[in-house]
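Proteins get letters first, then strands, A, B, ... in listed order; numbering begins at 1 in each.
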There are 2 protein chains.
Amino acid sequence: MLVEEREISQAVIRRLPRYYRYLGELLENGVERISSNDLSKRMKVTASQIRQDLNNFGGFGQQGYGYNVKYLYTEIGKILGLEEDHNIVIIGAGNLGQALANYAAFEKRGFILKGIFDVNPRLNGVSIRGVPIRMMDELKDFVQNNNVEIAVLTIPKEKAIEVANMLVENGVRAIWNFAHTDLNLPDHIIVENVHLSESLMRLSYNISRYNDEHSGKK
Amino acid sequence: MLVEEREISQAVIRRLPRYYRYLGELLENGVERISSNDLSKRMKVTASQIRQDLNNFGGFGQQGYGYNVKYLYTEIGKILGLEEDHNIVIIGAGNLGQALANYAAFEKRGFILKGIFDVNPRLNGVSIRGVPIRMMDELKDFVQNNNVEIAVLTIPKEKAIEVANMLVENGVRAIWNFAHTDLNLPDHIIVENVHLSESLMRLSYNISRYNDEHSGKK
DNA sequence: TAGATTGTTAATCGATTAACAATC
DNA sequence: TAGATTGTTAATCGATTAACAATC
């Protein structure tokens, strides 16, 4: 029997969490059902796109009725893997690392913070939300012994590549990368980049473009 | 005379900062020139795409030679608006707000931190990199009197929409939005969203997908 | 049953890649 | 001049939108 693996495009995957967020809000507001048309107006996308996107994963709606909000919310949550638990560590307890460590919504989505690591001896033993900061030389052992699936990298780019390689060799499966560099890891390793400086440059570009257009410049 | 406004696609704009980063690294390494082909191998994109992207903005290369790294780096910097200064404020001095305030590379790219605001009276007057944290009730006056162009929103979503509207009414032109909500501002306002929870969900999705594929599940 | 709205196929649009003449 | 590599046009590919039959 041939198992047909439909490949879902990254464009679709990028939109899924946004659907999930809107459905979550509808749910909070007690809305029971919604049509692709109503949702499309709220989200400012086409109804056609919503239906196409959802039908990549199955038929969640009902003709003449629309979509049941609660059901669709749950199903998208499953698709996004939010019903599974993932052990994570944060590497780099600087401002950003601490900000992420304090991000309480982690646990709600199944991300369990197992450890925080830094090179700064002054942070040794300091706890964030009950999780003590450990020194980098303990990292390798820790990863091997705690079933760590995801590592969050909030360290300078010079160290990031080397640390990422070490993590992958010791079983880490995915990296949430905040370092200002690309990591070039094996294909089966999942990398999600958050390059804040690039985000800021896009903002900057769009301001400049607008200024040009409204000042007679070509 | 017809001023031809070529519309640059957001797909291209998303890639520009990455080109800029790679060229900056080449520059640091003393590389003088590079061909689209060499660059394509480093960046793992097609040479064709690089040439197409750059030619949206003009011919920066030379047949038979390639691109001068220094020149191209500078030109992309100009396109991205990094040679202009922008006054910015950060709203929300929690962990993430403080992390961004401490992000020193801001100034290097022309982003001048003029103020930080929060509701927490305990933070009143505390300084980050020489910039004192002010109370939210001073925000409106401050924005009017300090030529603030960009606001960074690191506050809870409940407050974010209301604050964003107030900022826009008082002259703010662009918002770097870290709040977990969409803002729905007028078209001429530039919004760059950084939805960390959505980024994490995409990571989660990709892990689950990989697990499914390697466990016999459909 | 009539009306509403999905699921899905077909048409369109846009982005990426390939190819090659121009030219340094 | 010969070789290399761009700038740019044409071909391909993929994603979005439109349309409508199926069906609740």
Side-chain angles (χ1 to χ4, degrees), chain A residues 4-19 22-23 26 31-76 79 202 205 209 218, chain B residues 4-19 22-23 26 31-76 79 202 205 209 218:
Chain A
E4 182 68 32
E5 264 310 333
R6 232 178 336 178
E7 193 59 51
I8 311 288
S9 83
Q10 286 295 316
V12 174
I13 296 161
R14 289 196 71 77
R15 288 191 290 266
L16 278 187
R18 190 156 176 267
Y19 293 134
Y22 271 82
L23 289 163
L26 288 169
V31 178
E32 243 179 53
R33 68 190 185 93
I34 191 144
S35 68
S36 57
N37 202 255
D38 284 356
L39 189 57
S40 83
K41 274 171 202 145
R42 286 170 190 264
M43 295 188 64
K44 297 182 175 164
V45 298
T46 63
S48 207
Q49 182 163 75
I50 293 174
R51 295 203 299 275
Q52 286 276 26
D53 282 353
L54 297 179
N55 274 89
N56 281 298
F57 302 98
F60 300 124
Q62 195 167 80
Q63 283 96 332
Y65 171 89
Y67 299 88
N68 178 286
V69 172
K70 180 108 194 284
Y71 174 68
L72 187 54
Y73 178 77
T74 309
E75 289 303 310
I76 295 182
I79 292 165
R202 286 192 288 272
Y205 171 88
R209 217 47 31 197
K218 166 80 178 292
Chain B
E4 183 65 35
E5 265 309 333
R6 234 178 334 177
E7 195 58 51
I8 311 288
S9 82
Q10 287 294 317
V12 174
I13 296 161
R14 288 196 72 78
R15 289 190 289 266
L16 278 186
R18 189 155 177 266
Y19 293 134
Y22 272 83
L23 288 163
L26 288 168
V31 177
E32 243 179 52
R33 69 190 185 92
I34 190 143
S35 68
S36 57
N37 202 254
D38 283 356
L39 189 57
S40 82
K41 276 172 202 144
R42 286 170 189 264
M43 295 187 63
K44 297 182 176 163
V45 297
T46 63
S48 207
Q49 182 164 72
I50 293 174
R51 296 204 297 279
Q52 286 276 25
D53 282 353
L54 297 178
N55 275 88
N56 280 299
F57 303 97
F60 300 124
Q62 197 168 78
Q63 284 97 332
Y65 171 89
Y67 298 88
N68 178 285
V69 173
K70 179 108 194 286
Y71 174 69
L72 187 55
Y73 177 77
T74 309
E75 288 304 310
I76 295 182
I79 292 164
R202 287 191 289 271
Y205 171 88
R209 220 43 35 196
K218 165 86 176 289

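When both pairing distances are held under 3.5 Å, dC13(D) makes a Watson-Crick or G-U pair with dG14(C). For dA19(D), the paired nucleotide is dT8(C), the pair qualifying as Watson-Crick or G-U wobble because both relevant distances are below 3.5 Å.
An OP1 or OP2 oxygen of dA4(C) is reached within less than 4.0 angstrom by no side-chain nitrogen or oxygen of Tyr67(A). Distances shown here put every side-chain N or O of Ser36(A) at or beyond 4.0 Å from the OP1 or OP2 atom of dT5(C). Applying the 4.0 Å criterion to OP1 and OP2 of dG7(D), one finds that Arg51(B) has every side-chain N and O outside that range. A close approach under 4.0 Å does not occur between any side-chain nitrogen or oxygen of Tyr65(A) and OP1 or OP2 of dG7(C). For the pair Arg15(A) and dT16(D), the criterion of a side-chain N or O lying under 4.0 Å from OP1 or OP2 is met.
Between the P atom of dT5(D) and the CG atom of Asn55(B) lies a distance of 16 Å, rounded to the nearest Å. Computed from coordinates, the Asn68(B) CG to dC24(C) C1' distance equals 15 Å when rounded to whole Å. Between the CZ atom of Phe60(A) and the P atom of dT8(C) there is a distance of 12 Å, rounded to whole Å. Between the CG atom of Asn37(A) and the P atom of dG7(C) there is a distance of 14 Å, rounded to whole Å. The CG-C1' distance, from Asn56(A) to dT6(C), rounds to 15 Å in whole Å. If you measure from atom CZ of Arg14(A) to atom P of dT16(D), you get 12 Å, rounded to the nearest angstrom. Rounded to an integer number of Å, the gap from Gln49(A) CD to dA15(D) P is 11 Å. Rounded to an integer number of Å, the gap from CD1 of Ile50(B) to P of dA18(C) is 13 Å.
Between the side chain of Ser48(A) and the base of dA18(D) there is at least one donor-acceptor pair of N/O atoms closer than 3.5 Å. Between the side chain of Gln62(B) and the base of dT5(D), no donor-acceptor pair under 3.5 Å is found. For Gln52(B) against dT6(D), no side-chain N or O and base N or O form a donor-acceptor pair under 3.5 Å.
At least one cation-pi condition fails for Arg15(A) and Tyr19(A): the charged atom is not both under 6.0 angstrom from the six-membered ring centre and inside a 45 degree cone around its axis.
Using modelled atom types, one side-chain atom of Asn56(A) and one backbone atom of Asp53(A) make a donor-acceptor pair closer than 3.5 Å.
Counting heavy atoms from C-beta outward, Leu16(B) and Phe57(B) have side chains that approach closer than 4.5 Å. Contact annotation: the side chain of Leu26(B) approaches that of Leu39(B) to within less than 4.5 Å [non-hydrogen atoms, C-beta and beyond]. By the 4.5 Å heavy-atom criterion applied to side chains, Leu23(B) and Tyr67(B) are not counted as neighbours.
In this structure, the nucleotide among dA15(C), dT6(D), dT17(C) sitting nearest to the side chain of Gln63(B) is dT6(D). Nearest nucleotide to the side chain of Ser9(B), out of dT8(D), dT6(C), dA15(C): dA15(C).
Of the residues near DNA chain D, Gly64(A) and Ala11(A), the one whose nearest nucleotide (by heavy atom distance) lies more toward the 5' end is Ala11(A).
Identified under the side chain to side chain donor-acceptor pair (under 3.5 Å) test for residues 37-46 of chain B, with sequence neighbours left out: Asn184(A)-Lys44(B), Asn37(B)-Lys41(B).
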